[in-house]
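What follows is a set of notes on a single structure, which appears directly below.
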Amino acid sequence: MESRSMVPTVETYCTIIHGMCQHNDLSRDNGLLGERVAKGFKPNVVIYRSLIMSYARKGRVEEAKRILEEMSDKGVAPDIICYNPIITCLSRAGKMEEVKARFTKILGRGLTPDAVTYGAFICGYNGAGRMQEAAPYFNEMFDRRLMPNNLIYTVLIDGHFKVGNVMEAFSTFQCILALSVLSDVQTYSVFINGLSRSGKVKEAIEVFSEMKEKGLVPDVICYSSLISGFCQKGEVVEAFQLYDEMHHEGVDPNIFIFNALIDGLCKSGNIKRARKLFDGISERGFKLDNVSYSSMID
């Protein structure tokens, strides 16, 4: 193109670099960009955004931060979409103090945080087990008229259960229903798992039934959670009813389900049936683990 005395436009370079970023060709991206900048080319926010998102997607947050600083030095104002991938990476790494510092910088630049920004905070604090610090950001989303998505609600429910706050988990799930947010299988799975682990198997079954009434197909996690919950309460018959239902619905069991059933059978005194199930695990293509052996020994 240049050999024909045709100067590529900014739009052309945006397309080229975006394409390279999609193919994770970051070394060529930087080489091309450095070469063009040396010849007087001025990248715009779209080009920098593509580079930041690509580095963040590969977990190379330091390079993403370097690009962000570079664009500021070049007089190109970052938008919220430039900050979000970096904030998301940092929150996944549990670096919440740095995330808060970035958030302060965002506000200082006059940028408006969006649902992705708040979602990163909520996910980060959930991962760190600091749910009390996640709550203000969740509330602030509503103050800014931003609607949380299924992922954010699911993370909140999971986080509340992890710190033992069953009532808050219930409240968050009820909030989903009240706001007519379309719950997915993952949200129900997390809620059912949390209820079962908290000993509220009756409530978990009610939610399970409600889920099926809505036309959602339970996954192996739903069944695993309920079967484990029934076995822990000594209700092995109900556990095997769900196990049979799984087969009828075409959902393949996992090793956690077999371990729960073996443990439940042993604790109910049905060692013979537990042994038969134990011996058949390998034939089904599963690898026995420490829990499998300890259930039989104990």
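Hydrogens, waters and symmetry mates are skipped; everything else that's a heavy atom, side chains included, is used.
- Between Phe191 and Phe208, the distance from one ring center to the other does not fall under 6.0 angstrom.
- Summarising the geometry, atom CD belonging to Glu249 is positioned 12.5 Å from atom CG belonging to Asp219; distances are rounded to the nearest 0.5 Å.
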Let me see the working for Glu70 and Arg66 under salt bridge (charged side-chain N to carboxylate O under 4.0 Å, His left out), right down to the final yes or no. CA-CA 6 Å; Glu70 179 183 312; Arg66 178 182 57 78; 3.7 Å; yes
Verify salt bridge (charged side-chain N to carboxylate O under 4.0 Å, His left out) between Arg145 and Glu140, making sure each step is shown before the conclusion. CA-CA 9 Å; Arg145 300 183 181 226; Glu140 194 173 313; over 6 Å; no
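- Within 6.0 Å of CG on Asn290 lie no more than 12 heavy atoms contributed by other residues, nucleotides or ligands.
- Counting all heavy atoms, side chain and backbone alike, Pro78 lies closest to Leu111 at O-CD1, 3.6 Å.
- Under the 6.0 Å cut-off for aromatic ring centres, Phe103 and Phe121 qualify, their centroids lying closer than that.
- The closest side-chain heavy-atom distance from Leu265 to Ile271 is not below 4.5 Å.
- Contact check for Phe170 versus Lys200: side-chain heavy atoms found under the 4.5 Å cut-off.
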So Glu69 and Lys65, salt bridge (charged side-chain N to carboxylate O under 4.0 Å, His left out) or not? Walk me through it. CA-CA 6 Å; Glu69 295 302 321; Lys65 286 158 61 176; over 6 Å; no
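- Side-chain contact of Arg102 with Thr117: a donor-acceptor pair under 3.5 Å is absent, judged by distance alone.
- With contacts defined as side-chain heavy-atom distances shorter than 4.5 Å, the pair Tyr125/Met131 does not qualify.
- Side-chain atoms of Glu245 and Tyr223 form a donor-acceptor pair, as typed in the model, at a separation below 3.5 Å.
- A salt bridge does not link Glu98 with Lys95: every distance from a Lys NZ or Arg NE/NH1/NH2 to an Asp or Glu carboxylate oxygen is 4.0 Å or more.
- In this structure, Val185 and Val217 have side chains that are not in contact, with every pair of non-hydrogen atoms separated by 4.5 Å or more.
- Between Glu210 and Tyr188, the side chains place a donor N or O and an acceptor N or O closer than 3.5 Å (distance only, hydrogens not considered).
- Taking the centre and axis of the six-membered ring of Tyr118, the NZ or CZ atom of Arg144 falls outside the cone set by 45° and 6.0 Å.
- The pair Lys162-Glu168 does not count as a salt bridge, with every side-chain nitrogen at least 4.0 angstrom from each carboxylate oxygen.
- Thr112 has its side chain out of reach of Ile80: every pair of non-hydrogen atoms, C-beta onward, lies at least 4.5 Å apart.
- Residue Asn193 is tested with Ser225, Ser228, Ser198 for a side chain to side chain donor-acceptor pair (under 3.5 Å); the sole match is Ser225.
- Residues Tyr293 and Phe278 meet the side-chain proximity criterion, which asks for heavy atoms closer than 4.5 Å.
- Around NE2 of His248, the count of heavy atoms belonging to other residues, nucleotides or ligands within 6.0 Å does not exceed 12.
- Taking the ring centroids of Phe286 and Phe256, they lie at or beyond the 6.0 Å cut-off.
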